[in-house]
Amino acid sequence: MPISAIHAYLVHPGRNDPAATISGNEVPLSGKVYEMLNGIFVAGPESRDFEVTFKPLSASIQQNDCRDLLIAYQGAPALETGRKVAERLRSVTDKRSGADQIFEQLRTSVLSYANDDEQTEDAE
């Protein structure tokens, strides 16, 4: 299934701050960001197969509000329906994610990889 729309949102941790703003934009269906995302979506299903466990509301009802939001977005992909998914993410995201640490680790890994390449070229 080809990508028909891409919406990106900047979601600040808002578990303790439900008024945290969410900005969103449409991403063009061409260019570097599109190519990166397209590579993820055309990859085999085994790379994105996740087990989901439901907590039943009663003995016979299983409700997943997140799934409902995603189905609504899939049915009408627009900035506003996507924003509802982003709002849900904001409501469960706190400031303990360590995002700054992740970027620092990535930067360190890239620099290390680049230095290894330079040393290999010098040795040759």
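Values below: all heavy atoms of this structure, side chains included; hydrogens, waters and symmetry mates excluded.
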Q. Hydrophobic cluster mates of Tyr9, side-chain heavy atoms under 4.5 angstrom, ILVMFWY only, any path?
A. Val11, Ile22, Leu79
Q: Hey, could you give me the OG1/CG distance between Thr81 and Leu70, rounded to the nearest 0.5 Å?
A: 10.5 Å
Q) In the hydrophobic clustering that connects Ile, Leu, Val, Met, Phe, Trp and Tyr at side-chain heavy-atom distances below 4.5 Å, which members other than Ile71 occupy its cluster, ordered by chain and number? A) none
Q | Sequence-distant partners of Asn25, side chain to side chain contact (heavy atoms under 4.5 Å, CB included), two or more places apart | A | none
Q. Does Ala5 have any side chain to side chain contact (heavy atoms under 4.5 Å, CB included) partners at least two apart in sequence or in another chain, and if so, which?
A. His7, Pro77
Q. Who passes side-chain hydrogen bond (donor to acceptor under 3.5 Å, both in side chains) against Asp68, sequence neighbours left out?
A. Gln63
Q) Taking only residues at least two apart or on different chains, which pairs with a member in residues 71-85 satisfy salt bridge (charged side-chain N to carboxylate O under 4.0 Å, His left out)? A) Glu80-Arg83
**Q.** Pairs where residues 24-35 contributes a residue and the test salt bridge (charged side-chain N to carboxylate O under 4.0 Å, His left out) is met, not counting sequence neighbours
**A.** none
Q) What are the two closest heavy atoms between Val27 and Ala8, and how far apart are they? A) CG2-CB, 3.8 Å
Q) Does Leu10 share a hydrophobic cluster with Leu89, counting links as ILVMFWY side-chain heavy atoms below 4.5 Å and allowing steps through other members? A) no
